[in-house]
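The next block holds one structure in the form of structure tokens; read it before the comments.
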Amino acid sequence: MAAADTPSATLRHHDLCSRGIRLARKMRSDVTDLLDIYVQRQGLDASISVAAVDGVPAAAAERWAEQTGTQRLLDNLAAYRAFRSLLAQMLEEQREQLGDADAELGPALAAVLLQVSAFTYHLEELLELESRGAPAEEGSEPPAPPRLSLFEQKLRGLGVLRELAQWAVRSVRDLRQLAKHGPGSGAALGLPESQ
């Protein structure tokens, strides 16, 4: 019996998926609250349309139902690694702009950054359990972003937070699918078992 098929591995897999779902739901709730604070503090209109942001992976997947559990985990991991970097950059920009004067936005950004980091680690644990191992991060530091105006920084931040909220929803869906199947399941998870 493969290590991923043992009862303890199956139990651990289910536990990690359940905890991941709770983490993603909490993150979604906190990001929604942060979006409200962000829009207010940055003086933006909540209904403003923001174009896709470079470096922010889209949560929508054309063939979501055809993805294997490992593909879902890898997509999530890549997204949350990108969000971790983008949120750190947003936090630094916010501190440069406002210093410690804003007692609400900075701590809220820092808290979400911490949640994203914890969720990234959680996804790496799931990949380890899948006997795949988490891929190494490509380059320790992302390339320096182009210098943006203050307004462009605000819009990029809004886009990052909106997409992070969408990823939290997708992550819950992905982890629910993974929880239905045992560890090491390479089959496409969204398809009926007969296919």
Side-chain angles (χ1 to χ4, degrees), residues 1-32 35 49-87 112-113 115-139 142-143 156 158-195:
M1 187 183 285
D5 295 333
T6 64
S8 63
T10 302
L11 186 59
R12 177 142 171 78
H13 178 266
H14 188 271
D15 180 55
L16 284 172
C17 288
S18 296
R19 284 191 294 145
I21 289 168
R22 286 191 304 273
L23 286 170
R25 284 181 178 157
K26 171 74 169 123
M27 185 174 17
R28 169 73 163 111
S29 173
D30 290 353
V31 170
T32 300
L35 267 165
S49 178
V50 179
V53 179
D54 287 338
V56 178
E62 290 180 16
R63 294 194 162 98
W64 183 84
E66 298 171 15
Q67 287 187 311
T68 66
T70 301
Q71 288 170 324
R72 291 170 194 237
L73 287 174
L74 290 170
D75 283 356
N76 273 269
L77 182 60
Y80 285 99
R81 283 178 172 173
F83 284 121
R84 185 174 55 196
S85 174
L86 290 163
L87 288 168
V112 168
L113 174 58
Q115 288 175 335
V116 166
S117 295
F119 195 71
T120 301
Y121 176 76
H122 196 81
L123 292 169
E124 290 169 351
E125 276 190 285
L126 269 168
L127 278 165
E128 287 294 325
L129 189 62
E130 292 276 327
S131 301
R132 304 292 193 276
E137 291 192 57
E138 297 174 18
R156 186 195 63 223
L158 182 60
V160 167
L161 294 176
R162 283 180 177 170
E163 199 60 38
L164 177 56
Q166 291 302 309
W167 265 101
V169 171
R170 176 179 167 180
S171 296
V172 168
R173 289 179 63 200
D174 287 343
L175 290 172
R176 279 187 186 147
Q177 287 295 321
L178 283 168
K180 290 179 185 176
H181 303 275
S185 173
L189 300 180
L191 297 175
E193 296 292 327
S194 61
Q195 289 185 345

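Below, all heavy atoms of this structure are taken into account, side chains as well, without hydrogens, waters or symmetry copies.
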My understanding is that only residues two or more places apart in sequence, or in another chain, count here; which of them pass side chain to side chain contact (heavy atoms under 4.5 Å, CB included) with [X]?
X    : value
S18  : H14, R22
Q115 : K26, M27, D30, V112
L158 : L35, Y38, V39, L44, I48, V50, R162

Can you name the salt bridge (Lys or Arg N to Asp or Glu O under 4.0 Å) partners of [X], sequence neighbours left out?
X    : result
R176 : none
R84  : E137
R12  : E125

Just jot down the side-chain hydrogen bond (donor to acceptor under 3.5 Å, both in side chains) partners of [X], sequence neighbours excluded, or say none.
X    : value
Q166 : none
R19  : D15
S117 : none

Atom pair [atom1] ([X]) and [atom2] ([Y]), whose distance is rounded to the nearest 0.5 Å:
X    : Y   : atom1 : atom2 : result
L123 : L74 : CG    : CG    : 9.5 Å
F83  : N76 : CZ    : CG    : 10.0 Å
Q71  : E66 : CD    : CD    : 9.5 Å
L16  : I21 : CG    : CD1   : 11.0 Å
L178 : R72 : CG    : CZ    : 7.0 Å
L77  : L73 : CG    : CG    : 8.5 Å

- Task: Using a 4.5 Å cut-off on heavy atoms from C-beta on, say whether the side chain of R28 contacts that of V172.
- Result: no
Quick one: closest heavy-atom pair of [X] and [Y], and the distance?
X    : Y    : result
Y80  : S171 : OH-OG, 2.9 Å
H122 : G20  : NE2-N, 3.3 Å
C17  : L126 : SG-CD2, 4.1 Å
F119 : L175 : CZ-CD1, 3.9 Å

- Query: Does a salt bridge link E124 with R81, judged by any charged N lying under 4.0 Å from a carboxylate O?
  - Reply: yes
- Task: Check whether any side-chain N or O of R170 sits under 3.5 Å from a backbone N or O of A59 as a donor-acceptor pair, and report yes or no.
- Result: yes
- Trace of the side-chain contact (heavy atoms from CB on, under 4.5 Å) decision for L164 with L86: CA-CA 10 Å; L164 177 56; L86 290 163; over 6 Å; no
